[in-house]
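Structure first, then comments.
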There are 2 protein chains.
Amino acid sequence: MSTETLGEKLRQIREQNELPLRKVSALLDIDVAILSKMERGERKLSKEVVLKLADIYKCNPEELLVLFLSEKIMYEIQDEDLGEKALKVAEKRVKYLKANKTK
Amino acid sequence: MSTETLGEKLRQIREQNELPLRKVSALLDIDVAILSKMERGERKLSKEVVLKLADIYKCNPEELLVLFLSEKIMYEIQDEDLGEKALKVAEKRVKYLKANKTK
DNA sequence: ACTATTTTTGACACTTATTGTCAATAGAAT
DNA sequence: ATTCTATTGACAATAAGTGTCAAAAATAGT
């Protein structure tokens, strides 16, 4: 399985596209330093930045967003013994919400 | 399925034990106002408070902790369409981490 | 209805996290 | 050596979370 972080993946994609941080950060309208830190996991990414990056790199946003969200989830349960149980409960609730969305 | 929040559950348990906020907050060493807000979801609960409450009410901490964690998870994925996928990815990662815990 | 008790509400100060800006440093490529 | 690229850390600005308190509202007891 992939154990790559979102930041690592984004760096990889950027390098494949042969774009320097300078150019990407200009397109994103954020400081180079911040983007550098984001790719190395020193700063958090926002959903907006992730979507913009998917656009810039012309890649599927879904994969990136799923990774983005799952990292936020992982952060919450860190090394909790009950993390897995909590995930299952959350899954049930999401399904429940989805089923009753329109009601 | 239970759609009860942690706060609601804690209030229910407190009322079953016929304890006023005043007494419980004294045992917790926090302000009455804060506890009131925690039960109504206006303030976040901390893991420590949850554990202390399980102790005070002499109830199983696991159930409360799982609810506590799952609410934090739910907060992260809110009404994201990809929430369910993200949960599944997180689950895989947790399992992966658990399997490689001792390595 | 009056009183005492419990609970809720909001204002406020205080602390902690997060975020953006910038300049200096380090590294890589030509 | 110079230029381009990337990293680092210090700093200020902002936002988010927390604790404290007192007044108001709701509830219960007499």
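Letters A, B, ... mirror the listed sequences (proteins, then strands); counts begin at 1.
Note on A:M38: it clusters hydrophobically with A:F68, by side-chain heavy-atom contacts below 4.5 Å among ILVMFWY residues. Under a hydrophobic-cluster definition in which Ile, Leu, Val, Met, Phe, Trp and Tyr are linked whenever side-chain heavy atoms come within less than 4.5 Å, directly or via other members, A:Y96 and A:V89 are assigned to different clusters.
Distance, A:E48 CD to C:dT18 P: 17 Å, rounded to whole Å.
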Evaluate B:R14 against B:V24 for side chain to side chain contact (heavy atoms under 4.5 Å, CB included), listing each step before the verdict.
CA-CA 8 Å; B:R14 180 173 62 79; B:V24 177; 3.8 Å; yes
Step by step, would you call A:K72 with B:I77 a side chain to side chain contact (heavy atoms under 4.5 Å, CB included)?
CA-CA 8 Å; A:K72 296 214 292 180; B:I77 59 179; over 6 Å; no
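At distances below 3.5 Å, at least one donor-acceptor pair connects side-chain atoms of A:D31 with backbone N or O atoms of A:A33. Between the side chain of A:S25 and the backbone N or O of A:L21 there is at least one donor-acceptor pair closer than 3.5 Å. Panel note: side chain B:E71, backbone B:L6; a donor-acceptor pair is recorded below 3.5 Å.
Of the residues in residues 9-44 of chain B, those placing a heavy atom less than 4.0 Å from an atom of DNA chain D are B:D31, B:A33, B:I34, B:R43, B:K44, in numerical order.
The pair B:R40-B:E8 fails the salt-bridge criterion, with no side-chain N (NZ, NE, NH1 or NH2) lying under 4.0 Å from an Asp/Glu carboxylate O.
End-to-end axis angle of the helix from C:dA1-D:dT30 to C:dT30-D:dA1, from C1' rotation axes over five pairs per end: 30° (rounded to 10 degrees).
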